[in-house]
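Please read all numbers here as calculations on a predicted model, not as lab measurements.
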Amino acid sequence: MTWQRYYIYISLFLLSLLLNILPIEGLSVQAQEIAPSRSLSSRSIVTVRFSPPPTSEQPLPGNREGGGTRDGGCPQDAKGLNLAITSVMPATHQGLTVAERPTFFVYVPKTTAKQALFVLKDKNEDYYYETTLPMPKQAGILRVNLPDEASGLEVGKTYHWSFLMICGEQVMPDSPGVQGVIRRIKPNGTLNQLDGEPLLEQALRYGENGIWFDTLTTLAQLRQSNSEDSSFQVAWADLLKSVGLDAIATQPLVN
C-alpha cells in the first residue's frame, strides 16, 4: 500500500468518525407508481417536489457540512470562509439513483486548494474508483460525473462516496470533506417510460418517486440550459430548501 493510499484510508476513516457516517447495505426500496402525466403547459410555476422514499434503515446521524478541519475548509481559508464544504444530499446522507453512472453534487467554498479527491466504493471494495478533480476558482456547487472509464453501478447495490479537498501536496488525515451513500435501483412503473420525455417531466417523475440523484441531475440540466429562465433557478432552490439545504440553495453551478 502506497503512502498516498494510506493517507486516503486514514482520511476517510477520520471523516466517517467526524460525520458519524458508515456505509450501509440497506435502502431496500422500489420506485413507486405515480399518477398519470400532467400537462406541462398547464404549469405557470415550476415546482419539483422530492418525496423521500420509504426505507427500513434509520437515517444516518451527523451533518452534511464538511468534517476535517474545524471550519469545513482548508486551514489557510478558514478566516474568510462563510459556508463549509457541503454534500448536496438529504439529511439522511442517503440517496437513490436509477443511473448506471450517476452525478454527485458538492458545494465547495472559495479555496486555495487546487484539487480534490473523489472516492466511490462498495462495502468490501470489490468496487473501488478514485480520481482527482480540479477545484473551481469560485464558490458554488460542483458536479462530479462518473466517467465512462469507471465501472457502472450495479442494480440493488449500495455504495459509499467521499469528496476530500486536497489542501496541500496530498490528502491528509484532517483534509476537509463530505461523504454519503448511494444505491442504484431498478426503475419500474412509469420510470421505464421516461426516454424521450421532456427534462422537466423527468425531473417531476424522479422527484415524486424519491430518486434524489436523478432529480437533482435533471433539474441541474434544466437550470443550465435555461439560464435566462428564473423559474428553473427557483425550482432548484426550492428543492434544496425542501431537504434543509437553505444555506446553499442559491449558490451557482460552477461546472
Side-chain angles (χ1 to χ4, degrees), residues 29 31-53 64-65 82-110 136-146 163 178 180 182 185 187-255:
V29 308
Q32 305 165 353
E33 292 286 349
I34 64 175
S37 173
R38 296 157 294 182
S39 173
L40 293 180
S41 61
S42 66
R43 298 187 184 96
S44 57
I45 299 176
V46 177
T47 302
V48 177
R49 293 186 174 90
F50 174 69
S51 299
R64 286 165 290 193
E65 293 77 16
N82 294 320
L83 296 172
I85 182 174
T86 304
S87 62
V88 187
M89 294 280 290
T92 59
H93 309 287
Q94 305 168 9
L96 298 174
T97 185
V98 297
E100 183 180 12
R101 291 179 175 82
T103 300
F104 302 81
F105 292 79
V106 178
Y107 167 77
V108 292
K110 186 175 182 180
K137 295 181 179 180
Q138 68 179 101
I141 294 176
L142 180 70
R143 283 175 286 196
V144 181
N145 300 312
L146 197 60
F163 183 97
V178 292
I182 183 171
I185 65 168
N188 64 3
T190 53
L191 292 181
N192 281 318
Q193 305 169 15
L194 288 183
D195 286 345
E197 290 285 341
L199 285 177
L200 179 56
E201 187 67 24
Q202 293 184 37
L204 290 165
R205 299 284 187 89
Y206 286 135
E208 290 170 345
N209 283 270
I211 314 298
W212 175 256
F213 283 90
D214 306 77
T215 304
L216 204 62
T217 299
T218 308
L219 195 51
Q221 292 175 326
L222 279 167
R223 181 182 172 185
Q224 188 171 40
S225 61
N226 299 274
S227 58
E228 300 301 318
D229 189 342
S230 62
S231 62
F232 292 109
Q233 297 178 31
V234 172
W236 171 275
D238 287 345
L239 177 64
L240 267 57
K241 290 176 182 177
S242 73
V243 295
L245 291 170
D246 302 55
I248 62 170
T250 59
Q251 292 292 322
L253 297 171
V254 293
N255 68 331

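Annotation: the span from Q221 atom CD to L200 atom CG amounts to 12.5 Å, rounded to 0.5 Å. Remark: E208 CD to L191 CG distance equals 9.5 Å, nearest 0.5 Å. Going from atom CZ of R49 over to atom CG of L204 covers 9.5 Å, rounded to the nearest 0.5 Å. The OH atom of Y206 sits 13.0 Å away from atom CG of L219, with the distance rounded to the nearest 0.5 Å. Here the straight-line distance linking atom CZ of R205 with atom OG1 of T218 works out to 12.5 Å at 0.5 Å rounding.
The side-chain heavy atoms of N209 and P53, taken from C-beta on, include no pair separated by under 4.5 Å. The side-chain heavy atoms of I141 and L240, taken from C-beta on, include a pair separated by under 4.5 Å. Residues L142 and F163 meet the side-chain proximity criterion, which asks for heavy atoms closer than 4.5 Å.
R143 pairs by the side-chain hydrogen bond (donor to acceptor under 3.5 Å, both in side chains) definition with Q224, not counting sequence neighbours. Scanning for side-chain hydrogen bond (donor to acceptor under 3.5 Å, both in side chains) contacts around T215 gives an empty result, with sequence neighbours left out. For A99, the side chain to side chain contact (heavy atoms under 4.5 Å, CB included) test picks out T97, P102, D214, with sequence neighbours left out. Residues passing the side chain to side chain contact (heavy atoms under 4.5 Å, CB included) test with N145 are T103, sequence neighbours excluded. Judged as a ring pair (Phe, Tyr, Trp, His ring centres under 6.0 Å), and not counting sequence neighbours, the contacts of F104 are F118, W161, F213.
The shortest non-hydrogen separation linking T86 to I248 is CG2-CD1, 4.2 Å. The two atoms that bring P187 and V98 nearest to each other are CB-CG1, 4.0 Å, heavy atoms only. Taking both residues in full, the closest heavy atoms of W212 and V88 are given as NE1-O, 3.1 Å, listed atom of the first, atom of the second, then distance. Across all their heavy atoms, A139 and V254 have their closest contact at O-CG1, 3.6 Å. Between V46 and S231, the closest heavy-atom pair is CG2-OG, 3.8 Å. The two residues L146 and E100 come nearest to each other via the heavy atoms CD2-O, 4.2 Å.
Counting only residues at least two apart or in different chains, side chain to side chain donor-acceptor pair (under 3.5 Å) contacts with residues 232-255 are absent.
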Are I185 and I211 close enough, and set up right, to give a side chain to side chain contact (heavy atoms under 4.5 Å, CB included), and what steps lead you there?
-> CA-CA 9 Å; I185 65 168; I211 314 298; 3.6 Å; yes
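Judged by distance alone, with hydrogens and angles left aside, the side-chain atoms of E201 form no donor-acceptor pair with the main-chain N or O of L194 at under 3.5 Å.
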